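Treat the numbers as computed from the prediction; the structure is a model and nothing was measured. Here is the naming used below: chain letters follow the sequence lines, and residue numbers restart at 1 for every chain.
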Amino acid sequence: MKIARIIVDVPSSQTNRLFDYKVPERLEDVVQIGMRVIIPFGPRKIMGFVLELTSDSNVDKLKNIQDVMDLTPVLTPELVEVGKWIAETTLCFYVSAFQAMLPQVLKAKYEKELWLLAEPEELTPSLEQLFGGRGVIPYEELKEHNLSYSAIQKGIQEGLMEVHYNVNSKETKKKETYITPGVPIEQLEEMYVDIPSQAKKQKQIISYFLEKEREEVRQKDLLGTLATTRASLKPLLDKGLLKEVHKEVYRDPYQNREYEPTTPFALTDEQSAAISPIHKSISTKQHEPFLLHGVTGSGKTEIYLQSIQHVLNNGREAIVLVPEIALTPQMVERFKGRFGSRVAVLHSALSAGEKYDEWRKVQRKEVQVVVGARSAIFAPFENIGIIIIDEEHESSYKQEDYPRYHARDVAIRRGEYHQCPIVLGSATPTLESFARAKKGVYTLLSLHKRMNEASMPEVERVDMREELHAGNRSMFSRSLYDKMQERLQKGEQTVLFLNRRGYSTFVMCRDCGHVMECPHCDIALTYHRRNERLKCHYCSYEEGMPDKCPSCESDSIRFFGTGTQKVEESLQHMLPEARIIRMDVDTTRRKGAHERLLTKFGNQEADILLGTQMIAKGLDFPNVTLVGVLAADSLLHLPDFRSSEKTFQLLTQVSGRAGRHKLPGEVVVQSYTPEHYSIDLASQYDYESFFQKEMNMRKMFQYPPYYFLTLLTVSHPNHLYTMDVTQKMSQFLREQLSERSVILGPTPSPLTRIKDRYRYQVMIKYRNEPMLIKVMNRLFQLYEDDVQNKDLQVTIDFQPYQMM
DNA sequence: AGCACGCCGACT
DNA sequence: GTCGGCGTGCTC
């Protein structure tokens with residue numbers, strides 16, 4: 001007897017284990033590991049993932065698998081193992097890990113229906129009204145009718161009706177109809193003669209196939225070329241001369257685009273030296289992690305491309321991860337240009353259907369290269385030859401919601417399985433990675449020089465306090481203003497960077513200092529100019545703009561801070577002749593808007609590109625010779641131990657946008673604390689000194705990479721209860737963990753209240769804590785009951801990036 | 001997570 | 001009595 005061991009689609013601690021099911025005879029050759037199946041579970045039917053196939057079970061009364069949902073497994077055996085590992089190391093449910101690895105559309109959808117078994121006359125009047133002459137009704141309709149639950153229950157007991165559970169998958173495959181001869185060509189010729197002469201169009205269609213012995217034609221094309229309709233095709237199909245074939249076509253968002261084919265560039269000496277260890281690792285099938293540290297514009301991408309070429313020549317596959325924000329058409333073009341249709345692209349701007357189609361291309365091995373954001377690390381390849389993570393320092397590689405995995409860790413795990421190299425590339429590696437490279441855990445490859453012998457642009461730091469003392473109250477320093485004007489005269493372009501986070505537009509009373517805050521989240525509300533309303537970014541609470549201060553009744557309540565819109569207005573006022581493009585969430589919301597604006601800027605239809613984080617990366621415009629950073633220190637003062645590192649990374653990235661080609665570039669960094677080491681060293685492009693300095697700070701304050709962090713967050717609507725539970729948990733951790741570990745807290749979370757829930761946290765700092773996962777599991781068990789029945793929420797984040 | 005079962009108070 | 005509230009325990 002064939003038994004399948006299954007993870008059921010019920011994310012709860014009690015069901016987070018394998019359940020055994022019999023494989024019915026008709027499915028014996030169909031069911032495979034990694035497949036989604038439909039199974040009866042209690043009174044209902046749900047989806048489950050087959051993880052194991054065996055022949056015996058400890059459970060005596062087994063139910064049958066009802067049906068399969070896939071014909072090809074959606075998870076390869078390797079990915080099943082990866083999913084289990086994610087669940088066990090990030091403490092999430094198995095089913096949640098598997099869901100996170102698959103396209104959204106493969107998530108099961110459930111619906112409940114009520115089926116009428118008896119004749120309508122046998123029903124009570126209220127039930128008869130409920131069915132209204134129909135045989136099946138959606139279960140939800142019960143709520144609309146004023147029927148008691150027991151009346152339904154009674155009806156079911158009496159056998160008048162029945163509850164049906166349906167399991168569906170949302171995936172749809174786009175199909176296209178093709179027409180092909182239904183009989184051999186000689187026979188078709190004979191039958192052609194028999195077509196009555198008045199059926200002119202039918203004869204035309206058949207001769208179309210006979211002429212060039214055509215095998216298969218798209219129906220759309222056929223009817224188009226012959227200027228006819230399906231009316232004349234139909235009889236031929238009915239008589240069997242021709243037949244229809246339905247073929248799956250992919251929704252290809254890039255299909256109407258042409259990519260300029262590119263050929264490999266000759267590598268510089270530095271590049272050659274960096275690429276040869278990677279090639280060696282590919283050829284010898286040795287797993288090895290590399291850290292490729294190369295200044296902006298040093299040609300890291302070319303190294304990726306040539307390494308991938310080497311992998312493809314070996315008949316293997318490649319995964320390239322790029323931060324979401326850098327996954328621009330320019331970036332895609334570079335890969336499609338080199339590898340054409342062998343590339344699939346996976347990122348969040350695609351529709352669910354498009355994402356599924358790209359994923360299917362990978363599943364069917366129709367492509368060998370995947371370029372995508374974080375979740376592309378789960379591409380179902382089975383013969384991976386290289387995994388590349390570009391801009392390795394980007395925090396978006398860590399998923400900030402459940403399951404909290406880091407793509408870099410998954411990459412290394414997959415690299416070990418496939419025995420292939422992992423390349424982490426960055427101009428500003430995370431301290432963690434650079435420290436590992438120094439220790440020899442990663443192999444360090446360095447590119448110090450820019451290509452085209454371009455030099456890094458000169459950086460001028462402007463002290464905005466001095467500007468104010470000199471009577472300049474505008475948001476542009478005199479120096480930046482002069483330089484922008486100069487660019488306008490010379491017909492060169494400027495990129496202005498504004499860090500939005502530091503510029504949030506909050507509303508404050510100038511008389512008493514009262515700040516408008518969200519009543520549920522304890523954070524400042526953001527002023528939205530368009531409809532004059534105040535919104536909370538965390539819970540979407542909103543209210544109108546007050547005309548009097550609610551605290552002191554003064555009418556000098558105003559909004560403060562600056563958004564890109566405000567900067568644009570001021571800029572237009574100062575430089576009326578400048579053509580400005582603003583890029584922020586508002587102007588790029590519509591599909592394709594991002595690309596259109598960049599193309600416009602690339603075609604020099606604008607002089608100044610003003611934007612937020614989204615323009616900090618990957619842009620490469622030859623005519624840009626000036627980059628302005630409006631508030632370099634706005635990131636520095638966030639409550640985050642990585643703020644210096646983030647500032648250094650951001651300034652380096654932004655500076656890299658200028659003078660990448662023939663024209664030399666210049667950078668102006670405006671700041672209220674220009675002497676801070678991260679601003680100072682970024683302006684000198686001195687990564688090494690920054691690394692040393694920041695490492696000292698981290699050592700002193702016991703932060704990563706010297707210590708590991710784990711963040712435990714507890715939330716509940718009741719304030720006292722939350723504090724109490726968090727207190728007990730921290731006590732438990734102090735008792736269970738080693739004495740050398742530091743347990744901070746409980747402290748209120750930086751966002752103390754979100755959606756009417758109080759949040760407290762405990763931070764654990766440790767160097768070596770092999771029992772941590774076990775201890776955490778035990779902690780979860782202790783509070784399982786409260787989580788299930790008392791609305792308690794407990795989240796655990798190993799190696800958190802965001803402390804909130 | 002659902003869903004059934006069972007115990008309890010509130011009502012026709 | 002019976003209806004419906006909620007706590008408890010189970011799902012191969």
**Message:** What's A:K22 touching, base or sugar-phosphate or nothing? Going by heavy atoms closer than 4.0 Å.
**Reply:** nothing

**Message:** When you measure only distances, ignoring hydrogens and angles, does the side chain of A:R44 come within 3.5 Å of the base of B:dA4 through a donor and an acceptor?
**Reply:** no

**Complete:** Of the listed B:dA1, B:dC3, C:dC12, the closest approach to the A:P43 side chain comes from B:dC3

**Prompt:** Between C:dT8, B:dA1, C:dC12, which one does the side chain of A:K63 approach most closely?
**Reply:** C:dC12

**Fill in**
In whole angstroms, the gap separating P of B:dA1 from NZ of A:K107 amounts to 12 Å

**Prompt:** Just wondering, are more than 12 heavy atoms of other shown residues or ligands nearer than 6.0 Å to NZ in A:K109?
**Reply:** no

**Message:** Could you tell me how far apart A:D9 (CG) and B:dA1 (C1') are, to the nearest whole angstrom?
**Reply:** 9 Å

**Request:** Would you kindly give the CD1-to-P distance between A:I39 and B:dA1, to the nearest whole Å?
**Result:** 17 Å

**Message:** Checking contacts here: which listed nucleotide (B:dA1, C:dT8, B:dC3) is nearest the side-chain heavy atoms of A:K112?
**Reply:** B:dC3

**Request:** Test side chain to side chain donor-acceptor pair (under 3.5 Å) on A:Y94 and A:E88 and set out the steps.
**Result:** CA-CA 8 Å; A:Y94 290 107; A:E88 284 155 18; 2.6 Å; yes

**Any donor-acceptor N or O pair under 3.5 Å, side chains A:E324, A:S348** = yes

**Value in whole Å for how far the P atom of B:dA1 lies from CZ of A:R17** = 16 Å

**Item:** Centroid under 5.5 Å and tilt under 30°, A:F41 to C:dT11
**Value:** yes

**Request:** Among the candidates C:dT8, C:dC12, B:dC3, find the nucleotide nearest to the side-chain atoms of A:Y165.
**Result:** B:dC3

**Prompt:** When the distance from CG of A:N58 to C1' of C:dC12 is rounded to whole Å, what number comes out?
**Reply:** 11 Å

**Request:** For A:Q14 and C:dC12, give me the distance from atom CD to atom P, rounded to whole Å.
**Result:** 14 Å

**Item:** Atom-to-atom span, CD of A:E111 to P of B:dA1 - whole angstrom
**Value:** 22 Å

**Prompt:** Rounded to the Å, how far apart are A:I7 CD1 and B:dA1 P?
**Reply:** 16 Å

**Item:** Between A:T713 and A:Y760: side-chain donor-acceptor atoms closer than 3.5 Å
**Value:** no

**Message:** Within the 4.0 Å heavy-atom criterion, would you say A:Y110 contacts the bases, only the backbone, or no part of the nucleic acid?
**Reply:** nothing

**Item:** Cation-pi, A:Y801 ring and A:R642 (6.0 angstrom, 45 degrees)
**Value:** yes

